[in-house]
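Here's the structure, in structure tokens; my notes come after.
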Amino acid sequence: MSILEVSGIKKVYTGRFGGTRVEALKNVSFSVEQGEFIAIMGESGSGKTTLLNILAALDRPTSGSVILDGMDLSRIKESAIAQFRRDNLGFVFQEFNLLDTFTLEDNIFLPLVLSGTPYHEMQERLRPIAAKLGIPGLMKKYPYEVSGGQKQRAAVARAMITNPKLILADEPTGALDSRSSDELLRLFAEVNILGQTILMVTHSVKAASVAGRVLFIKDGEVFHQLYRGDASDSEFYQRIADTLTTLSTRGAEE
Amino acid sequence: MRAGYYPRLAFEGIRKNRRLYVPYILTCVGMVMMLYIISFLAEDVEKIGFRGSETLSIVPSLGTVVIAVFSCIFLFYTNSFLVRRRKKEFGLYNILGMGKRNLSIIIFYETLMIAAISLLAGLPLGILFSKLAELLLLNILRVEVNYEFFVSFRAILLTSEAFGAIFLLQLLNSVRQVRFSTAINLLHSENYGEKPSKLNWLFGAFGAILLGGAYYIAVSIKNPVSALAAFTVAVIMVIIGTYLVMISGSVMFCQLLKKWKSYYYRPNRFVSVSSMVYRMKRNGAGLASICILATMVLVTVSSTTSLYFGMEDSLYERYPREMDVDVSVYSVSDLNAERIEPIMEAIDGVNEKYGVVPENGFSYMTATVAGMVAGDEVETDSTQVNELDLSAGGLFQFYFVPLSEYNRVCGKSETLNPGEAMIYTPRAEYSPDRISFHGAGSFDIVKRLESFPTDGDAAASMAPPMVVVVPNLEDALGSLTQVALYTGDPLVTAKLVYDYDTGIDAEIQPEYSKAVGEALLGLEGDEYRVRYRTVSSREDDRQDFLGLYGGLFYLGIMLSAVFGFAAVLIIYYKQISEGYEDRSRFGIMRKVGMTDRDIRKSINSQLLTVFYLPLIFAGIHLLFAYPLIEKILTMLQLSNVGLFAAVTLICFAVFAVLYMLVYKITSNAYYNIVRGAKEERE
């Protein structure tokens with residue numbers, strides 16, 4: 001059963017005086033099945049951030065529809081959108097977006113607190129997640145006291161604690177060193193095996209190679225997609241790299 | 001680099017941060033204006049030279065010093081907000097290859113621009129409003145005004161010098177801060193949360209002890225003379241104590257709230273409590289500053305207003321009758337009918353000339369001496385007395401009145417045995433049953449009198465008066481009558497007191513009283529054994545009273561305007577700087593799923609948690625200071641104490657309303673900054 005249905009999305013940015021029109025997304029359609037791990041790849045300016053913002057309900061498409069678990073995002077009222085995001089989506093950002101004012105634990109609790117969850121229930125939910133992410137000893141620390149990898153794991157914990165239907169990750173390894181990146185990607189793979197649907201935007205081949213399927217976006221359209229099938233990470237890595245090479249050379253020919 | 005480059009960078013820096021700089025520059029302009037006006041008035045008052053102007057001219061001079069010192073402290077405080085905000089920008093310049101020297105040049109130009117704007121705008125505004133300030137002052141003093149206009153170059157010079165120095169100090173301070181931090185430090189200066197100090201509770205306890213001590217001093221002082229010195233000590237203790245208690249209290253309070261899970265983990269409190277913890281010390285310091293300024297405003301306004309409006313009462317207290325004549329004679333033995341006769345004749349002579357028929361008069365002979373009370377002993381030798389000794393009962397001005405005079409003046413027929421006395425203490429308590437004068441007589445107090453017509457001299461005395469009615473003056477004073485002070489004057493002043501109403505027009509009274517003074521002058525000398533005479537009248541002194549109290553009232557208004565303005569600015573800067581810090585945080589929270597309504601609620605919750613604290617503390621300070629201020633006001637001859645209580649209450653209520661209003665408005669500014677994060681992203 002598909003959890004996310006994206007059909008015919010188009011996004012046009014109009015300049016301040018209606019002069020320049022930039023078409024960020026031309027026509028994007030795809031669907032995500034329950035429990036899938038999808039990576040979206042594309043160069044800078046290909047429209048992948050715009051797409052992610054639309055999926056996250058931070059932005060609205062000019063036309064087309066996004067349906068998450070049967071709910072049409074464009075039908076949700078502006079006032080209800082924050083709550084919708086809180087209940088259904090989990091976010092992992094490139095720059096972590098943890099709050100300096102909170103300990104890691106409180107950062108993770110934030111979405112639950114906003115929904116009015118009682119303290120003991122939050123504690124119960126946190127325990128298995130913190131253990132899985134290997135950060136139970138850091139809960140009382142502040143973000144500026146831990147490493148980048150630890151921050152990102154806390155951010156993943158924050159994304160997971162609401163049991164979201166979909167985790168959206170925006171270049172999650174972008175600010176991490178290679179060892180921390182590897183750990184984080186392994187973590188994503190493990191979480192995905194337990195049934196969590198993940199959609200990750202990246203331009204790192206390494207990151208994309210742990211996903212089950214890779215969508216390539218170019219000039220505002222889904223240009224190509226690759227399924228992992230039975231391939232190992234390194235085989236898949238090779239295929240993704242080849243595809244990217246083809247994409248860029250063909251782009252150069254045009 | 002080209003010459004115009006630095007000024008342009010500096011100007012851009014100010015322009016980009018205008019939300020911070022505009023209020024700062026306005027403050028500078030306002031302070032410059034105030035200082036000019038106040039020093040202008042000092043010169044102006046001298047020039048006009050009306051009655052009471054000598055008394056008054058001290059008031060603006062005092063104000064000049066207070067405003068200059070306060071401007072310096074306050075501008076430093078607000079400047080620290082600016083520097084903290086700008087550090088990030090400077091860090092970036094530093095990384096991009098600007099040296100500390102270049103940064104210092106930018107800061108130099110910035111300071112120069114601000115200084116130029118402040119003086120160029122502040123001085124003309126000051127000159128413009130100085131006439132208005134003068135009119136207001138003269139109106140309060142009920143002096144006739146002229147409509148000449150002049151510019152005081154002395155005031156311009158003084159203001160420019162004072163602010164030149166202040167800006168120079170600020171420049172040095174900003175440069176120091178940039179010099180001693182690394183680029184990375186500069187870049188991340190806003191990101192680190194505050195750590196509670198391990199010695200927090202110690203600071204808190206120390207602060208509480210200071211406050212307790214200050215309160216104790218304020219409440220336990222019995223005598224207004226020692227109060228003035230103690231007041232200064234108490235004020236300093238209260239200021240330090242408030243800072244310590246507020247800072248450590250805010251730290252403790254925040255941590256307590258955080259530990260209380262079911263309170264902390266609620267949508268509207270979660271964010272507000274955590275950001276309070278994040279900057280708990282700064283928060284405490286800000287609240288303490290607001291609290292102290294609030295207390296200053298309340299004390300200044302309520303005391304000066306009561307003095308001004310209680311002036312008529314005080315004047316009647318000082319002058320129970322229109323005329324107050326005091327004639328000192330050589331010694332106690334000269335207090336007899338034979339010596340008094342020529343004095344009365346001299347006055348009668350003047351009366352005839354002016355057609356005065358004395359009414360409601362009273363006259364009596366008295367011997368007066370100041371003495372320090374300890375237990376039931378009185379020491380009159382001032383070299384034996386430590387005036388700052390707070391535990392002592394305090395200083396009294398004793399008026400010995402023979403029983404015969406008391407019975408005559410009050411129409412009574414009391415009797416006293418040798419060694420017995422009756423006392424009258426209108427302004428201070430004396431509880432022992434005995435009173436024993438060192439080097440003179442001792443008395444059992446057989447009666448405490450309900451009333452006695454004390455004259456103006458007793459009312460004007462700083463020390464509370466005590467009338468001691470004794471069977472016989474010379475027996476009572478014993479050897480004290482022989483003691484001379486180092487000035488050659490006798491320790492005990494023997495005098496005739498004569499107070500009466502004249503029944504003539506108020507305008508003629510000053511002339512009349514002058515004539516009486518001249519008539520009595522002729523009696524001074526060995527022949528009539530008159531040492532000196534003091535003749536004063538209510539009408540005569542009214543202008544002096546106006547000069548002093550009107551001046552104090554005016555200064556009170558000016559100073560509270562400055563303090564109040566400062567308090568508003570501190571609140572504003574607190575909100576603005578926190579808004580900028582919280583801006584990115586609310587951006588993140590919005591991404592995680594916080595609605596604008598949640599943000600509003602969380603801001604309100606923060607407001608409600610800390611909003612009342614400075615006000616409550618200011619109220620407590622005021623409550624404890626009340627008895628002390630009341631005593632000082634009594635010393636300044638405020639007799640209507642009920643008026644002071646009412647004025648204080650009204651001031652507090654008005655202040656609370658204004659404070660609430662300011663908080664509401666500034667919290668809107670905060671909200672707008674925080675919400676700006678959303679617009680920026682899109």
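Given the structure is predicted, the values throughout are model-derived calculations rather than measurements. Below, read A as the first sequence line, B as the second, and so on, with proteins coming before strands; counting in each chain starts at 1.
- Aromatic ring centres of Phe270(B) and Phe102(A): separated by under 6.0 Å.
- Here the straight-line distance linking atom OG of Ser115(A) with atom CE of Met122(A) works out to 9.5 Å at 0.5 Å rounding.
- Both the backbone and the side chain of Ser274(B) come within contact range of chain A, each with at least one heavy atom under 4.5 Å from a heavy atom of that chain.
- Ranked by non-hydrogen atom pairs under 4.5 Å with chain B, the options Ile81(A), Asp87(A), Thr101(A) are led by Thr101(A).
- Of the two parts of Phe84(A), neither the backbone nor the side chain holds a non-hydrogen atom closer than 4.5 Å to a non-hydrogen atom of chain B.
- Using a 4.5 Å cut-off between heavy atoms, Leu98(A) contacts chain B through its backbone alone, with no side-chain atom that close.
- Both the backbone and the side chain of Asp106(A) come within contact range of chain B, with heavy atoms under 4.5 Å apart.
- In terms of heavy atoms, Ala130(A) sits closest to Pro136(A) at O-CD, 3.4 Å.
- No more than 12 heavy-atom neighbours from other residues, nucleotides or ligands sit within 6.0 angstrom of NZ on Lys141(A).
- Environment of CZ in Phe76(B): crowded, with over 12 heavy atoms of neighbouring residues, nucleotides or ligands closer than 6.0 Å.
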